[in-house]
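A short write-up of the structure that comes next.
Atoms considered below: every heavy atom in the structure, side chains included; atoms not considered: hydrogens, waters and symmetry mates. Residue numbers run from 1 in the order of the sequence given.
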Amino acid sequence: MTEIEKKVYLDNSATTRVDREVAEVMMRVMTEDYGNPSSLHRMGLNAEKELSLARKQVARVFGAADDEIIFTSGGTESDNMAILGAYQAKKRESNRIITTKIEHPAVLETIKKLEKEGAEVVYIDVDENSRLDMDALKDEASKGVALISIMAVNNETGALMPLCLVDEVKGNALLHCDAVQALGKEDITSLPGDLISVSGHKIHGPKGIGALKIKKEINIPAFITGGGQEKGRRSGTENLPGIIGFGLAAEKAASDLEENREIMKACRNRLKGHLESGLADIVFNSPEEGTPAILNVSFLGTKGEVILHTLEQKGIYVSTGSACSSKKKEGSHVLTAMGLSHDRIEGAIRFSFSKNNTLEEMDYVADCVKDAVDSFRRLGSFR
């Protein structure tokens, strides 16, 4: 196999390759067992049983009850549903929201919408290692808050947020957790949160499907009205193939969690070691204690976008940050909030790993990264 024929996919935080078993069960549901779960005939009842099984599979990942799981179209909708619904439910008690400056756009843009409508929003700072200013958060929470929304794992650096500490100081506020990057990489069975968002396509499931865990005692208004599906909170005929695929992907992710983590950790450490020994003037933006699924590196004196496309020519696929904001011209809001220099932000690349990656791939990637960075610097762009 020539170099140009190689394909090394290291953008798994953006999306993952669908597991073959997941694709096969989805094909069966689309072509054979395609009944509507709301129909009263046999095919409808069979579809309803499959829907219930998938709900159980996803609920087990959370350590939750089946009826605490609401299926959505993905992580973005889950975030929107949680934030808008929780604020609506609590705004008579307080109009204040606490979040961080490094949340996913699905959270930040939704909260900005509420801010324009009169909500008072506090954006908590982080340091250069993505550590949350807990003193500031505790102080703000003591003043009365409707909602606190903080992610479990940062999608650009892999930093783990101290949600247990947040849960201890939240008072009467509802706590929403975006766990999209945590599912399949961290154990979320005891993850604190009144509302928790996840997505299917980050764990080798299909795109267009996600879920929101809502604690039984939490009552939020309907997000989509209609026929009353999903306990009346998210009406519309269920995406049964997506839900079935998500259920199986979630079950596999949970059962293989430790094995998959070891694969990702080994790949991350192998690549990091090669980069440390082979290149000068690089800085790792991912904390050592972060998730093994992400390694964010700044190659000083380069432009991350140029390195990205150079690697693409070698069949290597990486990212310069969040896929949802990659087409925006401004630099990463996460790295900016961490207080990093322009040079570090401009030269940042995110490598994100999955169970499908190998150590051999990391050796190849390291060689190609070294060549790309050295080539860029030789052209006189190094400063």
Has the side chain of Asp367 got a donor or acceptor atom that lies under 3.5 Å from a matching backbone atom of Tyr364? no
Between Asp66 and Lys56, does any side-chain N to carboxylate O distance fall below 4.0 Å? yes
Do Lys49 and Leu53 touch side chain to side chain, with heavy atoms closer than 4.5 Å? no
Between Arg261 (side chain only) and Lys185 (backbone N and O only), is there a donor and an acceptor less than 3.5 Å apart? yes
Quick one: pull up CG in Asn285 and CD1 in Ile349 and give me the separation to the nearest 0.5 Å. 11.0 Å
So which heavy atom on Asn296 is nearest to which on Thr157, and how close? CB-CA, 4.3 Å
How far does CG of Leu191 sit from SG of Cys177, to the nearest 0.5 angstrom? 4.5 Å
Under a plain distance cut-off of 3.5 Å, with no hydrogens placed, do Asp343 and Ser341 share a side-chain donor-acceptor pair? no
How far does CD1 of Ile307 sit from CD1 of Ile316, to the nearest 0.5 angstrom? 11.5 Å
Correct closest heavy-atom pair for Cys267 and Phe353 would be CB-CD2, 4.0 Å
Rounded to the nearest 0.5 Å, the CD atom of Glu230 sits from the CE atom of Met81 at a distance of 8.0 Å
Side-chain heavy atoms of Thr72 within contact of Asn80, under 4.5 Å: no
Between Lys6 and Glu360, does at least one N-O distance fall below 4.0 Å, as a salt bridge requires? no
Charged N-O contact under 4.0 Å between Lys113 and Glu117: yes
Using atom types as modelled and distance alone, determine if a side-chain donor or acceptor of His333 lies under 3.5 Å from a backbone N or O of Glu103. yes
Quick check: do Asp133 and Asp135 have side-chain heavy atoms less than 4.5 Å from each other? yes
Under 3.5 Å donor-acceptor, His41 side chain and Gly44 backbone: yes
Rounded to the nearest 0.5 Å, how far does CG of Asn357 lie from CD1 of Ile263? 9.0 Å
Specify the closest pair of heavy atoms between Pro37 and Leu240, including all atoms of both residues, with the distance to one decimal. CG-CD1, 4.3 Å
Derivation and outcome, salt bridge (charged side-chain N to carboxylate O under 4.0 Å, His left out), residues Glu115 and Lys112: CA-CA 5 Å; Glu115 193 171 18; Lys112 286 177 184 177; over 6 Å; no
Arg377 and Ala280: which non-hydrogen atoms are nearest, and at how many Å? NH1-O, 3.0 Å
Check whether Ser277 reaches the backbone of His274 with its side chain - one donor and one acceptor, N or O, closer than 3.5 Å. yes
In Å and rounded to the nearest 0.5 Å, what is the CZ to CD distance from Arg234 to Glu77? 4.0 Å
I'd like to know if Ile98 and Val334 are part of one continuous hydrophobic network [Ile/Leu/Val/Met/Phe/Trp/Tyr, side-chain heavy atoms within less than 4.5 Å]. yes
Is Tyr123 linked to Val145 within one hydrophobic cluster, defined over Ile, Leu, Val, Met, Phe, Trp and Tyr using a side-chain heavy-atom separation of less than 4.5 Å? no
Check Ile102 against Ala337 and note the closest heavy-atom contact, atom names and distance. CG2-CB, 3.7 Å
Of the non-hydrogen atoms in Thr15 and Tyr9, which two are nearest, and what is the gap between them? O-OH, 2.9 Å
Using the salt bridge (charged side-chain N to carboxylate O under 4.0 Å, His left out) rule, take Arg350 and Glu156 through it: C-alpha gap first, then chi angles, then the decisive distance, then the call. CA-CA 7 Å; Arg350 180 187 70 181; Glu156 292 195 31; over 6 Å; no
Quick one: does any side-chain atom of Glu68 pair with a main-chain N or O of Lys216 as donor and acceptor, under 3.5 Å? yes
Minimum side-chain heavy-atom gap Asp79-Thr110 below 4.5 Å: no
side-chain hydrogen bond (donor to acceptor under 3.5 Å, both in side chains) test vs Lys252 passes for just one of Glu21, Gln57, His204, namely Glu21
Surrounding NZ of Lys231 (heavy atoms of other residues, nucleotides or ligands, distance under 6.0 Å), is the total greater than 12? yes
Arg55/Glu238 salt bridge by N-O under 4.0 Å criterion: no
Do the side chain of Ser298 and the main chain of Ile282 share a donor and acceptor less than 3.5 angstrom apart? no
